[in-house]
Asks: 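A single structure is presented below for examination.
Chain identifiers are assigned alphabetically (A, B, ...) following the order of the sequence lines, protein sequences preceding nucleic acid strands; residue numbering begins at 1 within each chain.
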Number of protein chains: 2
Amino acid sequence: MISQKARYALRALVALAKSAEPDRAVFISDIASSERIPRKFLEQILLDLKHHGIVESRRGKAGGYLLLKAPEEITFGEVLRIVDGPIAPLPCLSKTAYRRCEDCRSEESCEVRKVFARVADVTRNVLDRTSIADCLSTDSGKVNLLIAG
Amino acid sequence: MISQKARYALRALVALAKSAEPDRAVFISDIASSERIPRKFLEQILLDLKHHGIVESRRGKAGGYLLLKAPEEITFGEVLRIVDGPIAPLPCLSKTAYRRCEDCRSEESCEVRKVFARVADVTRNVLDRTSIADCLSTDSGKVNLLIAG
DNA sequence: CTAATACCCTACTAAACCGATAGAGTTAAG
DNA sequence: CTTAACTCTATCGGTTTAGTAGGGTATTAG
């Protein structure tokens, strides 16, 4: 299960991409109410995404948030890694945050690891090839999903 | 990430399948020490697997655990669902424990859900087609993994 | 200038979950 | 009838999750 926070992040990004009048920022409050996300919680999430270069913000009376990267370049995988941490089902399978399983005799011969290596592969195949842009119009989404599959 | 408990469960089942002298039970302590699993913790795990019909136990001095189902019939997916709960990345995608996302306007039009539906599909494709038997000899494991992929 | 309205940042918290540990109880073999 | 196995319930410290709270800072309309 992905966290609530990750769901909020993805929905907020889709909302931002949809309301894309170029160079016009969107209020946190607007996203919060249209997407039913607790306002202050969403602040934290967007701030986090800003620190990771996904969105940018403007302060002051006419402030708000905009996408910094193009929707095509923001993958689900990237967002999930920022918000929820590594995608791999075992620490010893993570490419971005590898950690040895300290009770494992040998990584190469670990049977459980072999199976989950496949799970990690197929999961990344979807998440790293699907972007926010694929959520904008139903059709383009379908196309990309078919390619990924 | 799957839980430590699930890793222990899978490793214990593989160990049980490997030490399969038919009709001879294996001590918890033996599995615990050979697999480096905390003994009392393993007790809970095996008990849980017993309640779900995966293993059976014998009490008394010559007691222990044995597989109740054939290794071919115990899938990774089944074990994970018992130990860690639903496999689906969103509650609204679980087949075994469906729950509506209460802040979602419409399930059919949810873009995030569409993407994770694919994730759920490919994940189940691996986990529900891979069994403990696939971990016994390297060769048979490879064969089945290739079929599943 | 200044008040209003945005984002920025840190700290806190209640509840749940995780990874165990403890210990009393039950069963069966020898 | 003792010993050594499984059975079951309770507890516990630490971490994570899903927020809430509140003050600080920047920008701009008037």
Asks: If each of G60(A) and S3(A) is mapped to the nucleotide of DNA chain D with the nearest heavy atom, which maps nearer the 5' terminus, i.e. the 5' end?
Replies: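 Looking at DNA chain D, the more 5' nearest nucleotide goes with S3(A).
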
Asks: Which heavy atom in Y65(B) sits nearest to a heavy atom in K50(B), and how many Å separate them?
Replies: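 Taking every non-hydrogen atom into account, CE2-CB, 4.4 Å.
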
Asks: Output the rounded distance in Å from CD (Q4(A)) to P (dC17(C)).
Replies: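 Q4(A) atom CD is separated from dC17(C) atom P by 14 Å.
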
Asks: Any side-chain heavy atom of Y98(B) within less than 4.5 Å of one from C92(B)?
Replies: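 The answer is yes, as the side chains (C-beta and beyond) meet within the 4.5 Å cut-off.
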
Asks: Nearest-nucleotide wise, let me know which of R39(B) and R39(A) is further upstream toward the 5' end of DNA chain C.
Replies: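 With R39(A) and R39(B) compared, the 5'-side residue is R39(A).
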
Asks: Before you tell me yes or no, could you show the steps for E107(B) and R113(B) under salt bridge (Lys or Arg N to Asp or Glu O under 4.0 Å), namely the whole-Å CA-CA distance, both residues' side-chain angles and the distance that decides it to 0.1 Å?
Replies: CA-CA 7 Å; E107(B) 217 162 76; R113(B) 186 172 193 266; 3.5 Å; yes

Asks: Are F27(B) and L13(B) connected, step by step, through hydrophobic side chains (Ile, Leu, Val, Met, Phe, Trp, Tyr) whose heavy atoms are closer than 4.5 Å?
Replies: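 Not linked; separate clusters.
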
Asks: If hydrophobic clusters are built by linking Ile, Leu, Val, Met, Phe, Trp and Tyr wherever their side-chain heavy atoms come under 4.5 Å apart, do V26(A) and L47(A) end up in the same one?
Replies: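 They do share one cluster, since a chain of ILVMFWY contacts under 4.5 Å joins V26(A) to L47(A).
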
Asks: Using atom names, set out every protein N or O paired with an N or O of nucleotides 9-14 of chain C below 3.5 Å, distance rounded to 0.1 Å.
Replies:
from: dC9(C); atom 1: N4; to: E43(A); atom 2: OE1; distance (Å): 3.4

Asks: Quick one: which of dA18(D), dT21(C), dA4(C) gets closest to the side chain of K5(A)?
Replies: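 Looking only at heavy atoms from C-beta outward on K5(A), the closest nucleotide is dA18(D).
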
Asks: Would you mind reading off the distance between F41(B) atom CZ and dC8(D) atom C1', rounded to a whole angstrom?
Replies: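 Spelled out: CZ on F41(B) to C1' on dC8(D) is 16 Å.
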
Asks: Whole angstroms only, please: what is the CG-P distance between D48(A) and dT17(D)?
Replies: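 The distance from CG of D48(A) to P of dT17(D) comes to 13 Å, rounded to the nearest Å.
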
Asks: Is there side-chain contact between V55(A) and L66(A), with heavy atoms separated by less than 4.5 Å?
Replies: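 Answer no - side chains too far apart.
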
Asks: Report yes if at least one side-chain N or O of Y8(A) is closer than 4.0 Å to OP1 or OP2 of dT17(D); otherwise report no.
Replies: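 The answer is no; no side-chain N or O of Y8(A) sits under 4.0 Å from OP1 or OP2.
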
Asks: Quick one: E56(B) CD to dA5(D) P, roughly how many Å, whole number?
Replies: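 The distance from CD of E56(B) to P of dA5(D) comes to 18 Å, rounded to the nearest Å.
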
Asks: Could you tell me whether the phosphate oxygens of dT7(D), OP1 or OP2, come under 4.0 Å of any side-chain nitrogen or oxygen in S57(B)?
Replies: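 Answer is yes, contact under 4.0 Å.
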
Asks: Give me the one residue out of V119(A), V126(A), D121(A), N125(A) that meets side chain to side chain contact (heavy atoms under 4.5 Å, CB included) with V122(B).
Replies: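 Checked V119(A), V126(A), D121(A), N125(A) against V122(B); only one passes side chain to side chain contact (heavy atoms under 4.5 Å, CB included): V126(A).
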
Asks: Take the protein atom CG of D103(B) and the nucleotide atom C1' of dG19(D), then report the distance between them rounded to whole Å.
Replies: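 So the two atoms are 13 Å apart, to the nearest Å.
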
Asks: Using the closest heavy atom to pick a nucleotide of DNA chain D for each, name whichever of A62(A) or Y65(B) lands nearer the 5' end.
Replies: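 The residue mapped nearer the 5' terminus is Y65(B).
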
Asks: Between dG19(D), dC7(C), dT7(D), which nucleotide has the shortest distance from any of its atoms to the side chain of F27(A)?
Replies: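 Nucleotide nearest to F27(A)'s side chain: dC7(C).
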
Asks: R11(B) CZ to dG19(C) C1': how many Å, rounded?
Replies: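 After rounding, the reported distance stands at 14 Å.
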
Asks: Checking salt bridge (Lys or Arg N to Asp or Glu O under 4.0 Å) for the pair D23(B)/R58(B): CA distance, chi angles, key distance, verdict?
Replies: CA-CA 11 Å; D23(B) 210 49; R58(B) 294 197 187 142; 2.9 Å; yes

Asks: Taking atom P of dA18(D) as reference, at what distance in whole Å does atom CZ of R7(A) sit?
Replies: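 In whole Å, dA18(D) P and R7(A) CZ are 9 Å from each other.
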
Asks: Passes salt bridge (Lys or Arg N to Asp or Glu O under 4.0 Å), E102(B) versus R36(A)? Steps please.
Replies: CA-CA 10 Å; E102(B) 66 297 315; R36(A) 299 175 172 177; over 6 Å; no

Asks: Passes salt bridge (Lys or Arg N to Asp or Glu O under 4.0 Å), K114(A) versus D134(B)? Steps please.
Replies: CA-CA 10 Å; K114(A) 283 176 194 158; D134(B) 297 323; over 6 Å; no

Asks: Rounding to 10 degrees, work out the angle separating the end axes of the helix from dC1(C)-dG30(D) to dG30(C)-dC1(D) (five pairs an end).
Replies: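 Both end axes considered, the difference amounts to 0°.
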
Asks: Checking all strands, does L46(B) fall into the base, sugar-phosphate, or nothing category for heavy-atom contacts under 4.0 angstrom?
Replies: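 It contacts nothing in the nucleic acid.
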
Asks: Over how many whole Å does the gap from I45(B) atom CD1 to dT7(D) atom C1' extend?
Replies: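 Going from I45(B) (CD1) to dT7(D) (C1'), I get 15 Å.
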
